[in-house]
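Quick notes on the structure that follows.
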Amino acid sequence: MAEALTKRSADDLRSPICCILGHVDTGKTKLLDCIRRTNVQEGEAGGITQQIGATYFPMENIRERTKELPEAANMRVPGLLVIDTPGHESFTNLRSRGSGLCDIAILVIDIMHGLEPQTIESINLLRMRKTPFIVALNKVDRLYQWKPRNNAPIRTTLQEQERHTKSEFETRTKQIMVQLQEQSLNSELYWKNKDKRKAVSIIPTSAISGEGIPDLLYLLVLLTQEMMEKKLMYVSEVECTVLEVKVVEGLGTTIDVVLVNGVLHEGDQIVVCGMQGPIVTTIRALLTPHPMKELRVKGSYQHHKELKAAQGIKITAQGLEHAIAGTQLYVVGEDEDVETIKEEAMKDMKSVMGRIDKSGEGVCVQASTLGSLEALLEFLKTPDVNIPVSGISIGPVHKKDIMRASVMLERKKEYATILAFDVKVTPEARELAEELGVKIFTADIIYHLFDQFTAYLKNTREEKRRDTAEEAIFPCILKILPNCVFNKKDPIIVGVVVLDGFAKVGTPICVPSKDGEFIDLGRIASLEINHKVVDVAKKGEEVAMKASSGFTLFSFAHSVVVPQIMGDENQKMFGRHFDYDDLLVSHITRRSIDVLKENYRTELSSEEWKLIMKLKGIFRIL
Ligand SMILES: Nc1nc2c(ncn2[C@@H]2O[C@H](COP(=O)(O)OP(=O)(O)OP(=O)(O)O)[C@@H](O)[C@H]2O)c(=O)[nH]1
């Protein structure tokens, strides 16, 4: 990049970009609401904020809000741009995007709850990204008999509290400081904090009464100015991220972006990452909402010839239909090669495509933005979830997506599924899915999607188990106990000890003989331990077993005795065909092993799998 283009100046600072992190329900959305005095929270799915939104706070507004703080004089940045990041733990990726973008973060902690799992996760993330942050110790108004004073600086309002309220405040704050210490973080109430680089500043706040908000705004500006002057020095090289792709009536498909650095002009040639390859287009209009209105809230827009960082901007241009949210926007400079920029623009998409399972087996996932797609993919990858992915898409679910998912019907039916996160499904797509038997799960909260899918998997697994119950043969080796033969021929009734594996009602039992022949004794029809009927006898247990060649699982389930028509000469008899020296084993087959592998892989212990391998040898199964 040419020297002239990257010129920095201390007189020309850009607005710092700030993001909010914290555990669910600590009040992140409410805190933002309180700052901007709108109400986005009510409109959100399950109260959880899932898209990155941005709010620009012009300096006039911050000055007005901080006027009761005498120290808040020297604020040199033009304003503050706050990115609204979600708090659910599965959103590590989206948050890391947020953190990646931002200069400073607010970590919200509920004063009544202290550190919670996602607080710790957020701290680790902030540390990893080396993002400075301050702690908003929120919900102080919930302290016993708190006397609120709307929008007051926190020290003023603290002074007005009764002794016992102050004392509760101090105790809770100290406890939280200890908890932070346990995470190797020094912290201090911001007005006592001598070295803001070494200890994290804590600002007590209430998002309901607005107490502490002036302090929060002041500190955000002060810290970014003091600690990151160089980073905040305006650089003319464009750094810009697409937050959302939206169709707006009268404007067509637009993109909402955060311009972190540089200037955008009407008429600039830009490149963005698209579902069907890079999109090269020209900025038709640069729009901003009216100050103090969040980008997502409907309203009229202001047009601009050019806009300078940092800002949340809506861009209209042709051909943005397939643009992908969460990717970078590039401006093609005068001497720059469009082809190189196109390649650069597609890198983000390439990285998510790398998540497709090599075996080609897995569910299809679809989300509204690259950030949410990444969050969903990240979630599906976690060890206790572990769902393979065979296809990825961004935007609404169309017929072609159903066709792609339907390929799985032949290979693994339960994966012929689309997990659609925060996107619409067209009626034609739904119809086709119904026709072909492709499942679509939609939700706007990731873990709900997961819950639905796992419930479905469980159902299909149970269904399959029911269908294959006759063929699932569990491994066991039994030894007949001395003097415990109660009936010598069909139904054979003997007392046995389970030497290995487990005996289960329905298991076909046989006696392997030395010459490679097997004497089949029928299936286990019933088991009794100490006169109590049981379904399973475990290794080491002694059990009375009835084995009958006329027994089927069907007859067991329906209490029907299927009469056995068999000549006496075919009946296997204790004493004639087998004896105390013979072991009784479950008669496994190639098919039964496959059924167990398919449906009971995790239920059987490694010892039991070893036994299956041993029996496989006895029965000479390949
Ligand atoms: N009393 C009190 N309640 C608060 C305060 N801040 C938030 N709340 C309440 O706490 C609940 C959660 O607030 P949100 O702003 O949705 O919390 P959040 O952190 O954005 O939650 P997620 O988006 O679910 O992660 C809501 O019922 C709020 O009204 C506060 O300062 N005082």
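Indexing begins at 1, ligand by ligand and atom by atom, following the structure's order.
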Per-atom filter on ligand 1: closer than 4.0 angstrom to a heavy atom of Ala207 are 6 (N), 30 (C), 31 (O)

Return yes or no for this condition: an N or O of Thr205 is under 3.5 Å from an N or O of ligand 1.
no

State whether the shortest distance between N or O atoms of Leu31 and N or O atoms of ligand 1 falls below 3.5 angstrom.
no

Is it true that a side-chain atom of Asn138 and a backbone atom of Ile111 form a donor plus acceptor pair closer than 3.5 Å?
no

Counting heavy atoms under 4.0 Å, the part of Asp141 that contacts ligand 1 is side chain

Are the side chains of Tyr218 and Arg63 in touch, meaning some heavy atoms are under 4.5 Å apart?
no

Can you name the atoms of ligand 1, numbered from 1 with element, that are less than 4.0 Å from a heavy atom of Val24?
24 (O), 25 (O)

Is there a nitrogen or oxygen of Arg142 sitting under 3.5 Å from a nitrogen or oxygen of ligand 1?
no

Run the numbers for me: atoms of ligand 1, each under 4.0 Å from some heavy atom of Lys28, listed by number.
15 (O), 17 (O), 18 (P), 19 (O), 20 (O), 21 (O), 22 (P), 25 (O)

Any non-hydrogen side-chain atom of Asp25 less than 4.5 Å from a side-chain atom of Asp110?
no

Quick one: does Ser206 get a heavy atom under 4.0 Å from ligand 1?
yes

If we only count heavy atoms from C-beta on, is the Thr417 to Tyr456 side-chain gap below 4.5 Å?
yes

Is atom CD of Gln183 surrounded by more than 12 heavy atoms (other residues, nucleotides or ligands) closer than 6.0 Å?
yes

For Lys30, atoms of ligand 1 separated by under 4.0 Å from a heavy atom:
6 (N), 7 (C), 15 (O), 28 (C), 29 (O)

Do Ser15 and Leu80 touch side chain to side chain, with heavy atoms closer than 4.5 Å?
no

Of Thr205, Ile176, Val108, which is the lone residue that meets side-chain contact (heavy atoms from CB on, under 4.5 Å) with Leu137?
Ile176

